[in-house]
Participant: 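Provided herewith is a single structure, encoded as structure tokens, for subsequent inquiry.
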Amino acid sequence: MKRKLNRPGWDEYFLETAQLVAKRATCLRRSVGAVLVKDKRILATGYNGAPSGIAHCEQTGCLRGKLKISSGERHELCRGLHAEQNVLLQAALYGVSTKGSVLYITNQPCIICAKMIINAGIKEIVFKGDYPDRMARAFLKKAKIKRVKSVMKMEYGN
């Protein structure tokens, strides 16, 4: 008798990978992971946190937290980069084209990241958690970027 394997589907596999990447996040408020994929191959990963060589928020504290700034507002006061920004920067750093790729991410993108995703030529986003940014959703819809909200259980991140 053949044993049946319980293999995850591709979306589940890459979203679980994004959850694992989120464990590297250095943000005190939210852990987000992103995985950029094309033809079922991982192109780059990214998580949210301070730029390379800059002190992490656990060392300096969170200015947005101290000022009680709500999620989705005043991004310019944050020391960190979003996971989407980092995944795109990693692809750029190593000369990897993002055109036609799929972004797996633990949270829906904000408007800043949505604009970058549009211009990077990403064709689809698969995400789990929501983010309070209607404008981001509207931009992605207008740009005809497919958004797929996963229903799988999250184990990592927020």
Participant: Give, for atom CZ of Arg24 and atom CG of Asn86, the distance between the pair rounded to the nearest 0.5 Å.
Facilitator: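 Here the interatomic distance stands at 11.5 Å.
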
Participant: Quick check: do Arg79 and Thr60 have side-chain heavy atoms less than 4.5 Å from each other?
Facilitator: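 They are in side-chain contact.
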
Participant: Using modelled atom types only, decide if a donor and an acceptor are shared between the side chain of Glu16 and the backbone of Tyr13 within a distance under 3.5 Å.
Facilitator: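 Not a single qualifying donor-acceptor pair exists.
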
Participant: Is there side-chain contact between Val148 and Glu124, with at least one heavy-atom pair below 4.5 Å?
Facilitator: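 When only atoms from C-beta onward are counted, Glu124 and Val148 do touch, with a gap below 4.5 Å.
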
Participant: Membership question, hydrophobic clusters at under 4.5 Å side-chain separation (ILVMFWY): are Ile125 and Met135 in the same one?
Facilitator: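 Met135 clusters together with Ile125.
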
Participant: Check Ala83 against Gly46 and note the closest heavy-atom contact, atom names and distance.
Facilitator: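 Looks like CB-O, 3.6 Å.
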
Participant: Decide yes or no for Lys23 and Leu20: does some side-chain heavy atom of the first lie under 4.5 Å from some side-chain heavy atom of the second?
Facilitator: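 SC-SC contact between Lys23 and Leu20 confirmed.
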
Participant: Transitively linked via ILVMFWY side-chain contacts under 4.5 Å: Leu77 with Ile111?
Facilitator: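 No: no chain of side-chain contacts under 4.5 Å links Leu77 to Ile111.
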
Participant: Would the distance check show the side chain of Asn48 and the main-chain N or O of Gly80 forming a donor-acceptor pair, the cut-off being under 3.5 Å?
Facilitator: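 No.
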
Participant: Please report the shortest heavy-atom distance between Ala25 and Val32, naming the atom on each side.
Facilitator: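 Taking Ala25 first and Val32 second, the nearest heavy atoms are CB-N, 4.1 Å.
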
Participant: Please report the interatomic distance CZ(Arg74) to CG(Leu67), rounded to the nearest 0.5 Å.
Facilitator: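 Interatomic distance, Arg74 CZ to Leu67 CG, rounded to 0.5 Å: 8.0 Å.
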
Participant: State whether the number of non-hydrogen atoms from other residues, nucleotides or ligands found under 6.0 Å of Arg137 atom CZ is greater than 12.
Facilitator: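 It does: Arg137 CZ has more than 12 such atoms within range.
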
Participant: Indicate, with yes or no, if Phe127 and Leu88 share a hydrophobic cluster defined by side-chain heavy-atom contacts under 4.5 Å among Ile, Leu, Val, Met, Phe, Trp and Tyr.
Facilitator: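 As far as the 4.5 Å side-chain criterion goes, Phe127 and Leu88 are connected within one cluster.
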
Participant: Could you check if a side-chain atom of Gln108 sits within less than 4.5 angstrom of a side-chain atom of Lys149, using non-hydrogen atoms only?
Facilitator: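 No; the side chains remain at least 4.5 Å from each other.
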
Participant: Drop me the distance from Glu84's CD to Lys115's NZ, to the nearest 0.5 angstrom.
Facilitator: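 With rounding to 0.5 Å, CD (Glu84) is 13.5 Å from NZ (Lys115).
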
Participant: Taking Thr106 for the side chain and Gln19 for the main chain, is one N or O donor matched with an acceptor at less than 3.5 Å?
Facilitator: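 No: the side chain of Thr106 does not pair with the backbone of Gln19.
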
Participant: If every non-hydrogen atom of Ala91 is compared with every non-hydrogen atom of Ala44, which pair is closest and at what distance?
Facilitator: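 Of all heavy-atom pairs spanning Ala91 and Ala44, the closest is N-CB, 4.0 Å.
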
Participant: Are Leu93 and Leu43 connected in the hydrophobic side-chain network, where two residues link if heavy atoms are under 4.5 Å apart?
Facilitator: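 The answer is yes; both residues are in one hydrophobic cluster.
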
Participant: Looking only at non-hydrogen atoms, find the nearest pair between Leu15 and Val126 and report the distance.
Facilitator: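 Closest pair (atom of Leu15, atom of Val126, distance): CD1-O, 4.0 Å.
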
Participant: Using every non-hydrogen atom in the two residues, find where Ala136 and Cys110 come nearest and quote the distance to one decimal.
Facilitator: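 Smallest heavy-atom distance, with atoms named: CB-C, 3.5 Å.
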
Participant: What I'd like to find out is whether the side chain of Phe14 reaches to under 4.5 Å of the side chain of Ile42, using heavy atoms alone.
Facilitator: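 The answer is yes, as the side chains (C-beta and beyond) meet within the 4.5 Å cut-off.
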
Participant: What distance separates His82 NE2 from Cys27 SG, expressed to the nearest 0.5 Å?
Facilitator: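 Rounded to the nearest 0.5 Å, the NE2-SG separation comes to 7.5 Å.
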
Participant: For Asn107 and Tyr131, indicate whether the former's side chain and the latter's backbone hold a donor-acceptor pair under 3.5 Å.
Facilitator: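 No.
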
Participant: Measuring from Cys78:SG to Arg29:CZ, what's the distance to the nearest 0.5 Å?
Facilitator: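 Answer for the SG-CZ pair, Cys78 versus Arg29, is 8.0 Å.
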
Participant: Counting distance only, does the side-chain N/O of Thr98 pair as donor-acceptor with the main-chain N or O of Ala120 below 3.5 Å?
Facilitator: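 Yes, the answer is positive, given that a donor and an acceptor are paired below the 3.5 Å cut-off.
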
Participant: Would you indicate whether the side-chain heavy atoms of Leu140 and Ile118 approach each other to under 4.5 Å?
Facilitator: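 Yes, their side chains come closer than 4.5 Å.
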
Participant: Take a 6.0 Å sphere around CG of Asp39 and say whether it holds more than 12 heavy atoms from other residues, nucleotides or ligands.
Facilitator: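 Open.
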
Participant: Which heavy-atom pair separates Ala50 from Ala55 by the least distance, and what is that distance?
Facilitator: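 So the two residues come closest at CB-O, 3.5 Å.
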
Participant: Do Gln85 and Ile112 make a side-chain contact, defined as non-hydrogen atoms from C-beta onward lying under 4.5 Å apart?
Facilitator: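 Heavy-atom side-chain distance check passes, below 4.5 Å.
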
Participant: Checking Lys38 side chain against Lys99 main chain: does a donor-acceptor pair fall under 3.5 Å?
Facilitator: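 Pair found, side chain donor or acceptor close to backbone of Lys99.
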
Participant: Would you compute the distance between atom CG of Leu28 and atom CZ of Arg64 and round it to the nearest 0.5 angstrom?
Facilitator: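 The CZ atom of Arg64 is 12.0 Å from CG of Leu28, to the nearest 0.5 Å.
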
Participant: Report yes or no: do Leu81 and Leu63 belong to one cluster of Ile/Leu/Val/Met/Phe/Trp/Tyr joined by side chain heavy-atom distances under 4.5 Å?
Facilitator: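 In one cluster: no.
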
Participant: Side chains of Asp11 and Tyr104: do they bring a donor and an acceptor to under 3.5 Å?
Facilitator: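 A donor-acceptor contact under 3.5 Å links the two side chains.
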
